[in-house]
Amino acid sequence: LTTNLVDVEPEDVRVGLPVRVVFEHSDDVWIPLFTPADDAGSGTGAAS
Amino acid sequence: VSPAAAEEPLERRAIISGIGQSEVGRRLGRSEIDLTIEAGMRAIEDAGLTRDDIDGLSTYPGMGAGTGGFAGPTSPEVQDAMGLSLNWHDGGGEGAGQMRAVISASLAVAAGLAKHVLVYRTVTEGSVQGTGGRQGIGGGGGGGGGVPRFGGFMQWSLPFGAVSAANWLAMVATRRMHEFGLTREQLGAIPINNRANAGLNPNAIYREPMTMDDYLAARMITTPLCLYDCDAPCDGSTVVIVSHRDYAPDLDHPAVHINAVGTALRGRPSWDQFDDMTTMAARDAGASMWERTELTPRDVDTAQLYDGFSILAITWLEALGFCGRGESGPFVEGGANIARDGLLPLNTAGGQLSGGRLHGFGLIHEACVQLRGEGGERQVVRPGGRDVEVAAVANGGGPIAGTMLLTRGVR
C-alpha cells in the first residue's frame with residue numbers, strides 16, 4: 001500500500017514503526033493515512 | 001512452460017544480425033524519426049542488408065504510450081518514412097520489458113513470419129525534459145477537460161506524492177537497506193563503475209570520472225536515491241536487426257545468437273503489491289530464462305543490467321543468479337567484481353546512469369558490441385585472453401522485466 005505517514009517527523013520514520021490508520025475526508029472520498037500508534041509514543045523520538 | 005529436455009527453445013533460431021545507434025546526446029534538437037532513420041540505416045548496413053530486405057518491424061512502446069519524448073515514433077510512421085514493405089509488424093508497451101520488441105521479433109523469424117526484422121527504441125526525453133517536462137507512461141484513462149484525472153496504478157500513488165518510478169523504487173531501496181543491510185556506499189558502486197566505463201565510450205553522456213565522495217555529496221532526489229542513482233534522460237535511437245539464424249554464415253562479423261529469453265511475470269503485476277518488494281518481476285524473468293538454457297550464471301562473461309535506477313542493477317544481479325539473495329551489496333562493494341577485468345564486467349558502455357537513458361536498448365546494443373569484440377578501449381577480455389562468449393541483458397524494473405542470454409556463435 002502506498003500512503004503517507006502524518007503527525008511524525010520524516011527522520012523519526014523507520015521500517016517496523018507501529019502505526020494506526022486515520023482517514024482524511026476529501027470531497028467524496030476518505031483517504032487512508034497512517035500515524036504512529038499510541039504505543040509507539042507521540043512520534044518524535046519513536047525511532048531511537 | 002519450460003521446453004522439454006530435447007526440445008530447442010524457438011528463440012534460439014534467431015540472431016541479431018546488425019546493430020545501429022544514432023547520435024546520442026542530452027539536447028540534440030533532432031526529430032525522433034530523424035534519429036530512428038539514422039540508427040536504422042546503420043543497422044541495416046551493418047547486417048549487410050538493404051531496406052528491401054527488411055520485411056519485419058517492431059518497437060517498444062509504440063502507440064498510445066504518452067507523447068513527447070518517451071514513446072518515439074510509431075511503427076507506421078517508421079514504416080512509411082523508411083519505405084518498408086512488411087510481412088510482419090508489431091509494437092506495444094505490455095510485455096517482458098522494453099526488449100519485448102526484440103523477443104517478439106525473434107519468435108516472428110522463428111515462425112517464418114519475417115526474415116529480417118528491424119527493431120527500434122527511440123527517445124527524445126533529453127530535449128523534451130529540457131523544455132518543460134514530458135508526459136509519462138502509465139497514467140491511465142480519465143480526463144474530459146479541466147483537471148486531468150488519473151486511472152490505473154497511479155491513482156493509488158499520486159495522491160500520496162509518489163509521482164514517479166524514482167519514488168516507488170526508493171521504497172525498494174529502503175526495504176533492501178532494512179532487510180539486507182545494503183549501504184549507500186554499496187549502491188554507489190554501480191554509478192561509479194558505470195561512469196568509469198562511460199569514460200571509454202565516445203557516445204556516453206557523462207564521461208568525467210566520479211568518486212565515492214562525488215556520489216555521497218550529490219543531492220538527494222528521493223531518499224535514499226540521490227542524483228547519481230537516477231539515469232540521464234537523453235535523445236537517441238537504437239536499432240537491432242533480428243534475422244533467422246540461417247543468415248548467420250552471410251555476415252561479415254560474428255553473429256549474435258539469442259540463446260534464451262526470460263519473460264515470466266509470476267507475481268502480482270503491481271509496483272507496490274508484489275509478494276517480495278526486494279525482487280519483483282526481475283526474479284521471475286531471470287528464473288524463466290535459466291529454465292530455457294543449459295548455460296548457467298557462471299558461463300556469463302558480461303552483464304548489461306537495467307540501471308534506470310542503481311537499485312535495479314542491484315536487484316538484477318541477484319535475480320539472474322550472479323550472487324545470492326541479499327548478497328548483491330557486498331558483491332558490488334568497492335567495484336572490483338563488476339569492473340571490466342572483474343568477475344562479472346557490468347554495464348561496460350556506462351549503462352543508462354552515465355551512457356544515457358536509451359531505455360534498455362543501449363544495454364542490448366552493448367551486449368552485441370562486446371560479443372562481436374568491437375568494444376575498442378572498453379572491450380572486455382576474459383581471464384586467459386578469452387573472448388566474450390556469453391552476455392546477459394536485462395531490461396525493466398518493478399513489475400516490468402525481460403531478459404536475454406546472447407552468445408557469440410552457437411552454444
Counting C-beta onward and ignoring hydrogens, is there a side-chain heavy-atom pair between [X] and [Y] closer than 4.5 Å?
X	Y	answer
B:Tyr215	B:Glu185	no
B:Pro61	B:Arg121	yes
B:Asn347	B:Leu305	yes

Quiz item: Which atoms of B:Met171 come close to chain A, meaning under 4.5 Å heavy atom to heavy atom: side chain ones, backbone ones, both, or neither?
Solution: side chain

Quiz prompt | Smallest separation among heavy atoms of B:Ala281 and B:Leu265, with atom names | solution = CB-CD1, 3.6 Å

Quiz prompt | Closest non-hydrogen atom pair, B:Gln98 against B:Asn395 | solution = OE1-CB, 3.2 Å

Report every donor-acceptor pair between chain B and chain A with a separation under 3.5 Å, backbone and side chains included.
{"from": "B:Phe160", "atom 1": "O", "to": "A:Asn4", "atom 2": "ND2", "distance (Å)": "2.9"}
{"from": "B:Asp272", "atom 1": "OD2", "to": "A:Thr2", "atom 2": "N", "distance (Å)": "3.1"}
{"from": "B:Asp272", "atom 1": "OD2", "to": "A:Thr2", "atom 2": "OG1", "distance (Å)": "2.5"}

Exercise. Go through the steps to decide whether B:Asp307 and B:Leu312 satisfy the test side chain to side chain contact (heavy atoms under 4.5 Å, CB included), and finish with yes or no.
Key: CA-CA 6 Å; B:Asp307 59 345; B:Leu312 294 176; 5.9 Å; no

Quiz item: Cation-pi between B:Arg100 and B:Phe361: NZ/CZ under 6.0 Å from ring centre and within 45° of the ring axis?
Solution: no

Quiz item: At a heavy-atom separation under 4.5 Å, does A:Leu33 approach chain B through its side chain, its backbone, both, or neither?
Solution: side chain

